[in-house]
Every structure is written in C-alpha cells, then in structure tokens.
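Report on the structure given below.
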Amino acid sequence: MRIGSTLNIALRALRRNKMRSVLTALGIIIGVAAVIAMVGIGNGAKAQVEAQIASLGQNVILIFSGSTTSSGIRTGWGGAGTLKIEDAEAIRREVPGVVAVSEEVVSTTQVAAGNQNWFTRIYGESADYLDIRQWALADGAPFTAQDVRSANKVCVIGRTTSSQIYGNDDPVGQIIRIKNVPFTITGILTPKGLSTQGVDQDDIVIMPYTSAMKRVVGGTTLRNINVQIGDGRQIAAAQQQIISLLRQRHNIRPGRDDDFTVRNQQEIADAATATTAVMTVLLGSIAGVSLVVGGIGIMNIMLVSVTERTREIGTRIAVGAHGSDILMQFLIEAVTLSSVGGVIGIIFGIGASKILSSYAHWPTLISLSSIIVAFMFSAAVGIFFGFYPARKAAALDPIEALRYE
Amino acid sequence: MKNGEVVKLTDVHKTYRTGDVEVQAVRGVSLEIQRGEFVALMGASGSGKSTLMNILGCLDRPTSGRYLLDDADVSALDRDRLADIRNHKLGFVFQSFNLLPRTSARENVELPLLYGTHRLTHAQLREKADAVLASVGLAGREDHHPSQLSGGQQQRVAIARALVNDPEVVLADEPTGNLDSRTSVEIMGIFQQLNERGITIIMVTHEQDIAAYARRNVVMRDGLILNDFNVTRRLDAATELAKIAPIDSQVQV
C-alpha cells in the first residue's frame with residue numbers, strides 16, 4: 001500500500017543528492033557497459049569463427065599430408081608430402097557419398113603486374129574448390145576443369161591482392177606475373193575477411209593445382225585434400241573409408257601410425273568455438289568483477305548516506321514511518337541507482353561495442369539475452385548491496401537518531 | 001470537539017540499563033492532560049522530562065505503568081503500531097527543526113502524509129501542505145528550501161509539518177532552544193493561536209519565561225513530578241511582541 005509513496009520518497013532523496021547519485025551509478029554504469037561490451041566482443045568473435053568455419057564449406061573433410069604424431073616426430077599438418085594426386089582421384093572414385101574433391105597445394109610468393117608487386121599466397125586447387133568453400137566470384141568467371149586438366153595459366157584473385165596490385169582498376173582479364181610466369185586473371189573473389197587465425201583470406205591467388213605444381217610450387221605431392229560429402233550423416237562413415245583407403249594405398253601396416261591426418265569440419269568448428277567460448281567467459285567475468293566493484297560502491301555510498309541522514313531517518317520514524325518503509329526507501333534508492341546505472345551502462349556498452357567494431361574492426365555481437373541478464377544482474381546488485389545499509393537504517397532507534405549530530 | 005483527557009499516565013516508570021548500571025529516568029509519574037491544554041514540561045537536565053516526553057510521543061515505551069492516549073492504551077504497542085499512532089495522533093516540533101535539507105517547505109510538510117494510511121494524490125498532498133503552511137504564515141514560501149529560510153521560518157515549517165495530519169496532541173521539544181528571543185515569542189504566538197483553536201500542546205522547555213506562555217506548568221525533578229500548577233500570570237505573545245516592536249523601531253532610528 002505504501003510502495004507508491006515510498007518510491008516517491010526514494011526518488012526525492014536521490015534527486016536531493018544528484019551528484020552523489022550520478023557518481024554512485026557510475027560504478028554500475030561502467031560495470032554493465034564493460035560486461036555488455038566484453039560479452040559482445042566474445043560473442044562476436046564466436047559468431048565470426050562459426051561463420052568462418054561454415055565458410056570452409058558444408059560437410060567438408062580435410063585430409064592433411066603427414067601426421068601430427070608420426071613415430072614420435074610431430075611434423076604438423078601438411079608437413080610431409082605423403083598425399084599424391086592419385087590419392088585424391090582414388091577418393092573421388094571409391095568413397096561413396098563424395099560429391100566434390102579439391103587437391104590443394106599452397107605456396108607464398110611475389111606476384112607482379114605493371115610496376116606493382118605484392119607478396120601473397122598461392123593456392124592450387126581443383127575446379128570444385130570454390131563450390132566446396134561456397135566462395136562466389138564478385139566478377140569474372142572461375143577456372144574450369146579443362147583449365148585444371150591442361151594446367152592453363154589462369155587464376156582468380158582475392159580482393160586484397162587485387163587492390164594491392166591494381167588499386168581500384170578491374171583486374172579481370174589482366175595478366176599477372178607469378179614467379180615471372182604470366183597468368184590471366186579470370187575472376188575476382190568476393191571478400192571473406194579474416195580467418196579464425198587472423199589471416200586475411202582475401203590476400204590470395206587461386207589457380208588450378210596442376211598449374212601451381214608445375215609453375216609455382218613445384219613438387220609432386222599435395223598439402224591436403226578437401227573432400228565434400230553430399231549428406232552430412234555420411235561424414236563419419238566417409239571419414240573411416242578415407243582413412244582405410246589411404247592406409248591401404250600408402251601400405252601402412254596395422255598398428256602403425258597414419259602418415260596423414262583427417263579432420264572434419266565439425267571437429268575444427270568445435271575446437272575453435274570452444275576457444276572463443278572460453279574467451280567470452282573470461283572477458284565477461286573480468287567485466288563482472290567491475291560490476292561487483294560497482295555494487296560495493298553502492299553499498300559504500302548507501303552506508304555513508306545512512307549515517308549522514310541519521311537525523312532524517314529519525315524524523316521520518318517520528319512522523320510515522322515504519323521500519324519497513326525506511327528499509328524499502330533505502331532499498332529502492334539502491335536498486336534505482338543500480339538499475340538506472342544498468343540501463344545507461346547497457347547503452348554505453350552497446351556504444352562501446354559499435355565503436356570497437358567500426359574502429360578496431362573487432363566483430364561484436366550484442367544479444368538480447370546478454371542485455372536482459374546485465375540488467376537483471378545490476379538490479380540484483382542493488383538489492384544485494386543495498387540491503388545491509390537499508391536494514392541498518394530501518395533498525396535505527398528514533399530517539400537517538402533524532403538527536404544525532 | 002471531544003472533551004476529557006487526551007493523555008493519561010498512570011504510575012509510569014522508565015528504567016534504562018547500561019551494562020550493570022540501572023538508571024531510573026522516570027520513577028512513577030501519573031499525569032492527566034485534558035483536551036485543549038497548553039502544558040509546559042519543565043525541569044533541569046536529568047530530571048526525566050525528556051524521557052517522559054519520549055514516552056508521551058510514543059517514541060519510547062514505559063518500563064511499567066499505563067499510558068492512555070486518546071482513551072487507547074499505547075503502553076505495550078509494537079514499533080509499527082506506535083509509528084501509526086505518531087502519524088495519526090501526534091505532531092512533533094523539535095529544537096533543531098529536523099527539516100529535510102534540500103527539500104522544499106512543501107515537501108517537508110507533506111512528509112507525514114506520505115506515511116499516512118490515506119492515499120493522497122500529488123495535488124491533494126500539495127493542497128493540504130500549502131493550506132497548513134499558509135496557516136503558520138508561510139504562504140508564498142512553499143518552494144523555499146530550509147537553507148533559504150530563517151530559523152523562525154524553519155520552525156514554522158516544522159510546526160506546519162506537525163499539524164498537517166490534524167493531530168490530537170502537538171509535542172514540542174525545546175521549540176525555542178535554537179531561536180533568538182523575538183523569534184521565540186513569535187513561535188509562542190503561533191502555539192497560543194493553535195491552542196486557542198483547541199489543539200492540545202505539550203512543550204518541553206527549561207526557560208521560565210517561555211513556560212509562562214503555557215496555561216499549565218509541570219515541573220519535574222529526579223524522575224518525579226515536583227510541581228504541577230496553572231500559570232497565573234500568563235504571557236500573551238501578541239502583547240510581548242508589541243513591547244519588543246518599539247525597541248526595534250528605536251534601533252532602526
């Protein structure tokens with residue numbers, strides 16, 4: 001029955017001490033803004049990683065040459081050249097459910113056109129590669145299976161490479177020299193942005209793997225094979241078949257380690273998102289600490305306020321305030337500070353994430369749930385840290401409080 | 001207007017215990033105050049007058065004895081019931097005014113209404129507060145903060161706050177203690193006017209000449225009533241002010 005007037009009383013009291021109210025709320029504002037921004041950054045990174053994993057293509061199995069544990073010597077993926085073009089063809093031919101295969105070789109080298117040059121990555125792939133990665137062209141046409149068979153000197157290039165060499169000019173149809181071999185640019189790729197490892201995926205030249213092996217990279221082995229499976233449910237089975245096929249082809253006796261490594265997209269996605277999930281939790285909890293500190297700030301100010309306003313409290317009790325009225329008043333003051341601080345903090349947090357994403361190019365993602373949780377938490381901070389001072393105020397003896405100097 | 005006793009104390013004791021030491025602040029006081037009385041409660045410090053005032057004001061409960069306020073026994077009520085009694089039946093005026101700082105005169109006067117059982121709209125609160133402020137001569141100063149008011153004006157705001165809930169009794173604890181002599185007389189004038197309107201006033205003071213504005217003086221010593229008499233040569237605030245006024249005008253010349 002008295003909540004209405006108690007609210008009125010509490011708001012009047014806060015208005016009387018505007019500066020203090022603002023400063024007290026500031027602790028919560030910063031805390032909530034930090035939580036919102038940090039969780040936003042974490043979620044943004046997670047979403048980006050997920051998008052990038054998805055951009056590897058649907059239902060993709062990656063086979064890397066070399067094993068991560070090869071007789072105790074850890075060579076790393078793609079470390080030893082054990083995968084052959086024939087292996088890829090065997091997979092294409094013998095493993096059921098395979099819809100596309102791309103043989104991959106990778107190199108880095110200087111590329112040049114006109115008086116411009118640029119150090120970039122060269123990917124040799126099959127004609128299916130852009131389909132597997134769901135990587136569309138912004139302009140021009142992809143190289144064809146015929147180009148692959150004939151090892152034609154054609155390539156498609158990424159946006160970064162294009163702008164470094166050609167500026168704003170259209171690169172399609174231009175000649176680019178790669179290790180002094182002239183290649184015709186048939187298309188320009190749509191931008192993909194940074195990869196999970198922070199590599200600029202648009203800083204790339206993609207050409208038929210045959211051309212790459214013959215003219216750029218050299219060698220006869222593949223770094224890896226990308227395999228796309230038509231039906232996601234067949235991935236596990238296909239993965240097993242690929243392993244046994246390759247073991248058979250590589251004459252690996254039972255009990256010996258594979259000389260290749262097979263990973264499917266889901267495993268890579270799980271590992272990457274687990275990392276970013278840990279990061280989100282870490283960032284969020286560090287920011288949460290500042291929210292708790294803000295809460296302690298509220299308790300501190302409320303305690304000072306109760307002491308300073310002892311006579312006011314005595315007067316209120318004298319004119320008929322119940323203990324519960326005083327308790328509610330101070331609790332409402334604390335919760336008002338914390339929840340108003342929470343709302344402002346949410347606005348600041350969203351603002352901070354927007355600034356981060358536009359200036360630092362960090363992807364941020366603010367979810368409604370994080371906003372709701374931040375608000376509820378800030379209100380709860382107010383109740384938790386406001387309760388002790390409020391109870392102290394409510395328990396004051398009016399006779400002593402009235403005389404308090 | 002009802003008649004008869006508004007306050008009836010029967011053998012009231014109050015004992016404070018601090019550690020092993022017992023202090024008998026009030027040691028068996030019986031007192032009846034009729035409606036419409038203006039009583040000055042006097043005594044030296046330590047006489048028990050403040051303790052008695054706290055009991056009369058329902059801020060404290062007697063250790064033993066009975067206290068009937070407006071025919072209801074309030075000696076054993078709990079904290080919240082006492083708070084309601086204070087809100088409905090009592091008005092308080094303090095020595096140091098006890099106004100809320102940085103709060104307008106109007107909002108200060110509205111304070112008891114906020115804790116009342118009647119739910120009033122903002123406009124009703126304002127109307128009531130402004131009417132009471134006008135009745136103590138503060139029309140036009142409703143929006144002033146205590147810091148913008150003189151001591152006398154602040155005490156009038158406090159009196160308005162005491163009156164806003166139409167109390168049975170106004171309790172004033174050294175109401176002129178922080179005021180100069182002229183303002184003290186003005187405040188006594190207000191009390192006398194209120195008393196003429198039938199409001200019961202109980203005032204604690206240690207000043208003989210302030211007590212002389214009351215109708216009845218009760219003198220305490222050592223927790224007991226030493227003396228209880230009707231004031232024979234009662235001072236009239238209006239007359240006293242008129243006496244001070246020429247002196248003021250002389251000073252101005």
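Proteins come first, then strands; the chains are lettered A, B, ... in the order of their sequence lines, and each starts at number 1.
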**Flag side-chain contact, heavy atom, 4.5 Å: A:V319 against B:L90** = no
**Prompt:** Taking everything shown except B:F97 itself, do over 12 heavy atoms lie less than 6.0 Å from its CZ?
**Reply:** yes
**Complete:** chain B shares the most heavy-atom pairs under 4.5 Å, among A:R403, A:E312, A:R309, with A:E312
**Message:** Please classify the contact of B:N54 with chain A as side chain, backbone, both or neither, using a heavy-atom distance under 4.5 Å.
**Reply:** side chain
**Sorted by number, residues from residues 339-356 of chain A in contact with chain B (heavy atoms, under 4.5 Å)** = none
**Message:** For the OG1 atom of B:T51 and the CD1 atom of A:I399, what is their distance to the nearest 0.5 Å?
**Reply:** 8.0 Å
**Note, B:T103 side chain near A:R15 side chain (heavy atom, < 4.5 Å)** = no
**Message:** So for A:Q329, is it side chain, backbone, both, or neither that comes closer than 4.5 Å to the heavy atoms of chain B?
**Reply:** side chain
**Message:** Which one wins on heavy-atom pair count under 4.5 Å against chain A: B:H145, B:E107, B:R79?
**Reply:** B:E107
**Asked** How close do B:L59 and A:P398 get, heavy atom to heavy atom, and via which atoms?
**Response** CD2-CB, 3.9 Å
**Item:** Crowding at CZ, A:R391 (>12 non-hydrogen neighbours, <6.0 Å)
**Value:** no
**Prompt:** Tell me, side chain or backbone of B:P101 under 4.5 Å from chain A's heavy atoms, or both, or neither?
**Reply:** both
**Item:** CD/B:E127: more than 12 non-hydrogen atoms of other groups inside 6.0 Å
**Value:** no
**Request:** Go through the steps to decide whether B:D84 and A:H322 satisfy the test side chain to side chain donor-acceptor pair (under 3.5 Å), and finish with yes or no.
**Result:** CA-CA 8 Å; B:D84 291 338; A:H322 290 187; 2.6 Å; yes
**Request:** Could you tell me whether the side chain of B:R102 and the main chain of A:N17 form a donor-acceptor pair under 3.5 Å?
**Result:** no
**Prompt:** Around A:E400, counting heavy atoms of other residues, nucleotides and ligands shown, do more than 12 lie under 6.0 Å from its CD?
**Reply:** no
**Asked** What is the minimum heavy-atom distance between A:A318 and B:F94, and which atoms define it?
**Response** CB-CZ, 3.9 Å
**Prompt:** Take atom CZ in B:R61; do more than 12 heavy atoms of anything else shown fall under 6.0 Å from it?
**Reply:** yes
**Message:** So for B:S96, is it side chain, backbone, both, or neither that comes closer than 4.5 Å to the heavy atoms of chain A?
**Reply:** both
**Item:** B:R126 CZ: over 12 foreign heavy atoms closer than 6.0 Å
**Value:** no
**Asked** With only heavy atoms counted, which part of B:H88 is less than 4.5 Å from chain A, the side chain, the backbone, both or neither?
**Response** neither
**Request:** Would you mind checking if A:R12 and B:E110 are paired as a salt bridge, meaning a charged N to carboxylate O distance below 4.0 Å?
**Result:** yes
**Test log, rule side chain to side chain contact (heavy atoms under 4.5 Å, CB included), inputs A:R316 and B:L114** = CA-CA 10 Å; A:R316 289 180 184 279; B:L114 297 179; 5.6 Å; no
**Asked** Which atoms of A:I317 come close to chain B, meaning under 4.5 Å heavy atom to heavy atom: side chain ones, backbone ones, both, or neither?
**Response** both
**Request:** May I ask you to check whether over 12 heavy atoms, not counting those of A:K46, lie within 6.0 Å of atom NZ?
**Result:** no
**Complete:** When every non-hydrogen atom of B:A83 is compared with those of A:A321, the smallest separation belongs to CB-O, 3.7 Å
